[in-house]
Amino acid sequence: MNSLAVPAIGGAELHVIEFGDIVNYFSPYTAMLFAFAVLFTVIAIVSRPERQVDIAFGGDAYYTKDIQPEQLKFQRFMAIACGLATLGAVVSGDVFNFTLFTSMVGITNIGIVAAYKNRHVLNAAFQYGIVAMIATVPLFGGAAIILATTGTLSMWELFGSAIAVPLIAKAFLVLGVMGEGMAPFYVAKAEITRAPGAPYVLIIHVSSLLLFLRVVEIVLSM
Amino acid sequence: MIDFLLFAVFTGLLLHGIHRKAIARIQGRPGPPIWQEILHSLKFSFKETWIPATASEVLFVAVVLVALGIWSAALFILLLEGSILMLFGIYMLHKIVEHGLGLSSGSPYGKFGAIRSVISAASEIPLFATIGAIYFVTGSLQLSDIIAYQAANGPLLLLMPPVAAAMYIVILSKMHYSPFAIIEAKEIVSGNRTEHFGVWRAALDVAFSLKTFVLLYAFVLIFIGGIPFAAVLVLMLLLLLSLSFVCALCPMLSPYDTVTMQSLATALVAVYLVAVVVIA
Amino acid sequence: MGTGVTGAICIAAGASAALDMLPLWGAGLLIVVAFPFFVVLLGLWWNASEGEGDIPFIGY
């Protein structure tokens with residue numbers, strides 16, 4: 001019953017996992033993205049954070065910033081949550097689930113750096129949060145337009161040539177994902193990455209790149 | 001397959017050497033011999049190696065392995081004429097490698113390199129536009145289909161020059177000494193590679209030589225199509241020499257100018273794409 | 001030890017793909033996993049390592 005429209009640009013369908021009406025699937029492309037998300041989530045779980053070296057101004061002295069255990073636990077928890085949300089988004093077979101996981105990635109991205117008490121990082125996280133929140137409007141709007149015009153959110157239906165998805169819905173989806181941290185809207189994200197805890201901060205970047213790669217496939221296939 | 005991988009590694013290192021030599025000659029210097037980068041990688045691999053005391057150990061080593069893995073995978077995608085969407089994916093994942101390299105050591109210079117790597121994310125968008133345009137024209141993202149399309153309709157380089165120019169800029173922004181190479185600029189020592197020395201550096205050299213080989217090879221396959229492998233190598237060399245000219249003659253841009261230039265390139269491709277869609 | 005194992009995996013995968021005993025994508029996958037470890041372990045095997053970790057370079 002579940003077979004993707006041929007030719008699907010992500011490659012042939014390899015495996016389908018159904019949770020009731022929530023259907024996830026692996027194609028060579030989504031499997032590659034999934035493997036990468038798993039890899040970096042595992043790295044976030046097993047690795048210790050780095051200690052950032054700072055030079056004391058005007059001298060030879062340097063000091064390292066250590067992360068307190070409570071903060072480390074919270075950062076790691078948020079990084080794992082972000083990794084799981086990314087995993088959900090890259091293998092989702094349903095446009096709404098994809099948008100839902102994408103917005104969850106936005107929230108956890110703020111969580112990863114929120115515990116770090118530094119004015120610049122928190123300001124950047126706040127600004128990033130505003131952009132990400134605004135971006136959820138076109139994101140869910142795109143999914144809503146797709147549902148309203150085609151009557152379905154399932155990628156098995158949408159990837160077929162029988163259903164024409166309006167261009168504005170595709171543009172909204174891309175815009176929404178870009179708002180979570182891609183090129184013109186990433187300005188605050190660059191400052192966020194100043195926070196210590198490299199394995200966790202890296203997940204912020206992994207998640208937005210993987211989401212963008214996935215939305216490119218979805219939009220080109222529809 | 002492993003033979004082709006090793007061939008690509010050594011050819012890539014040789015291309016890096018030729019790149020340095022060409023830049024030096026253009027700037028009126030003698031320059032190192034063209035096999036210098038091969039010797040460099042060997043030299044680094046013999047050197048004493050440890051993980052910096054402040055580094056996040058697992059991440060510090062893992063990004064090196066990831067860099068090698070993704071570019072070997074990219075090479076096999078080209079070899080098996082797979083999907084260029086996957087190639088695009090791997091190119092984007094390289095961003096995470098750059099980022100992880102810089103952040104994992106705790107070094108301030110690495111961190112600056114990593115932050116610059118985030119803000120130069122604009123270099124990925126021209127590639128997205130390229131992929132979209134190719135899909136729109138050829139109706140497929142399988143490399144085998146694209147090559148077949150070019151065999152029937154002539155090279156894409158002549159059919160869509162602005163798209164080829166966008167990919168050219170993408171390759172240029174990943175070359176050593178390029179005007180866009182802000183992440184490894186000398187004012188931040190070696191940027192995100194500052195702390196990866198010895199064996200790590202040798203492994204990264206191997207990975208980056210694969211990257212250069214793959215990007216040049218991909219450009220030739222995507223925009224010129226199926227020609228004998230010897231001709232592909234010659235075209236790759238010519239492409240590299242043209243890149244060397246740009247790198248030798250352009251000063252390194254400041255981070256904000258880099259982003260501006262890359263965004264302008266993206267905007268031009270976007271305008272071209274819209275024009276193509278409207279005319280079609 | 002690790003160098004030999006990963007190197008052998010790479011060569012075996014390449015050979016079995018050439019002899020049609022393994023699909024090309026399977027051999028590719030094996031090499032993609034084994035090759036990075038081979039390169040790094042090879043360097044770590046023949047390098048001149050005695051040292052302890054040091055703090056990062058912080059400028060002259």
Side-chain angles (χ1 to χ4, degrees), chain B residues 1-6 9 41-55 57 60-77 79-82 90 105-111 188-190 194-195 197-207 210, chain C:
Chain B
M1 291 182 96
I2 185 73
D3 47 342
F4 188 64
L5 183 63
L6 292 175
V9 167
S41 306
L42 281 173
K43 179 195 76 177
F44 281 126
S45 79
F46 293 126
K47 289 207 157 194
E48 189 175 345
T49 302
W50 63 79
I51 298 174
T54 55
E57 290 92 350
F60 186 86
V61 179
V63 282
V64 176
L65 297 173
V66 169
L68 281 163
I70 58 174
W71 287 108
S72 328
L75 185 74
F76 290 145
I77 290 171
L79 188 65
L80 303 179
E81 301 193 343
I90 284 173
S105 63
S107 152
Y109 301 107
K111 189 176 72 176
I188 49 173
V189 191
S190 289
T194 305
E195 290 303 323
F197 57 96
V199 174
W200 319 124
R201 175 67 180 271
L204 283 179
D205 277 351
V206 169
L210 275 174
Chain C
M1 172 65 191
T3 316
V5 172
T6 48
I9 291 174
C10 287
I11 292 170
S16 48
L19 299 174
D20 279 340
M21 286 156 63
L22 204 63
L24 283 176
W25 63 267
L29 206 60
L30 270 179
I31 295 176
V32 164
V33 173
F35 183 68
F37 287 96
F38 171 69
V39 173
V40 170
L41 290 174
L42 181 71
L44 290 177
W45 169 62
W46 69 25
N47 79 342
S49 193
E50 301 284 328
E52 293 289 305
D54 201 350
I55 60 143
F57 174 72
I58 53 168
Y60 299 109

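Letters go in sequence order (proteins before strands), and every chain restarts at 1. Side-chain atoms are counted along with the backbone in the values below, which use heavy atoms only and exclude waters and symmetry mates.
Only the side chain of B:L80 comes within contact range of chain C, with heavy atoms under 4.5 Å apart. Interface remark: B:A73 contributes backbone and side-chain atoms alike to the contact with chain C (heavy atom separation under 4.5 Å). For chain C, the nearby part of B:W200 is the side chain; its heavy atoms alone come within less than 4.5 Å. Heavy-atom distances place both the backbone and the side chain of C:A27 under 4.5 Å from chain B. Contact of B:L5 with chain C is made through the side chain alone, with heavy-atom distances under 4.5 Å. Proximity to chain C (any heavy atom under 4.5 Å) is restricted, for B:V9, to the side chain, taken from C-beta onward. For chain C, no part of B:L204 is nearby; none of its heavy atoms comes within less than 4.5 Å.
C:V40 has its side chain within reach of B:L68: a pair of non-hydrogen atoms, C-beta onward, lies under 4.5 Å apart. In this structure the side chain of C:W25 never reaches within 4.5 angstrom of the side chain of B:I77, judged on heavy atoms. By the 4.5 Å heavy-atom criterion applied to side chains, C:V32 and B:W71 are not counted as neighbours.
Surrounding CZ of C:F37 are at most 12 heavy atoms belonging to other residues, nucleotides or ligands under 6.0 Å away.
Here CG of B:L6 is found 5.5 Å from CZ of C:F35. Values are rounded to the nearest 0.5 Å.
C:I31 approaches B:M1 most closely through the heavy-atom pair CD1-CB, 3.9 Å. When all heavy atoms of B:S45 and C:W46 are compared, the closest pair comes out as OG-NE1, 2.9 Å. In terms of heavy-atom proximity, B:I2 sits nearest to C:C10 at CD1-CB, 3.5 Å.
The one candidate from C:L42, C:V39, C:L44, C:L41 that meets the side chain to side chain contact (heavy atoms under 4.5 Å, CB included) condition with B:V199 is C:L44.
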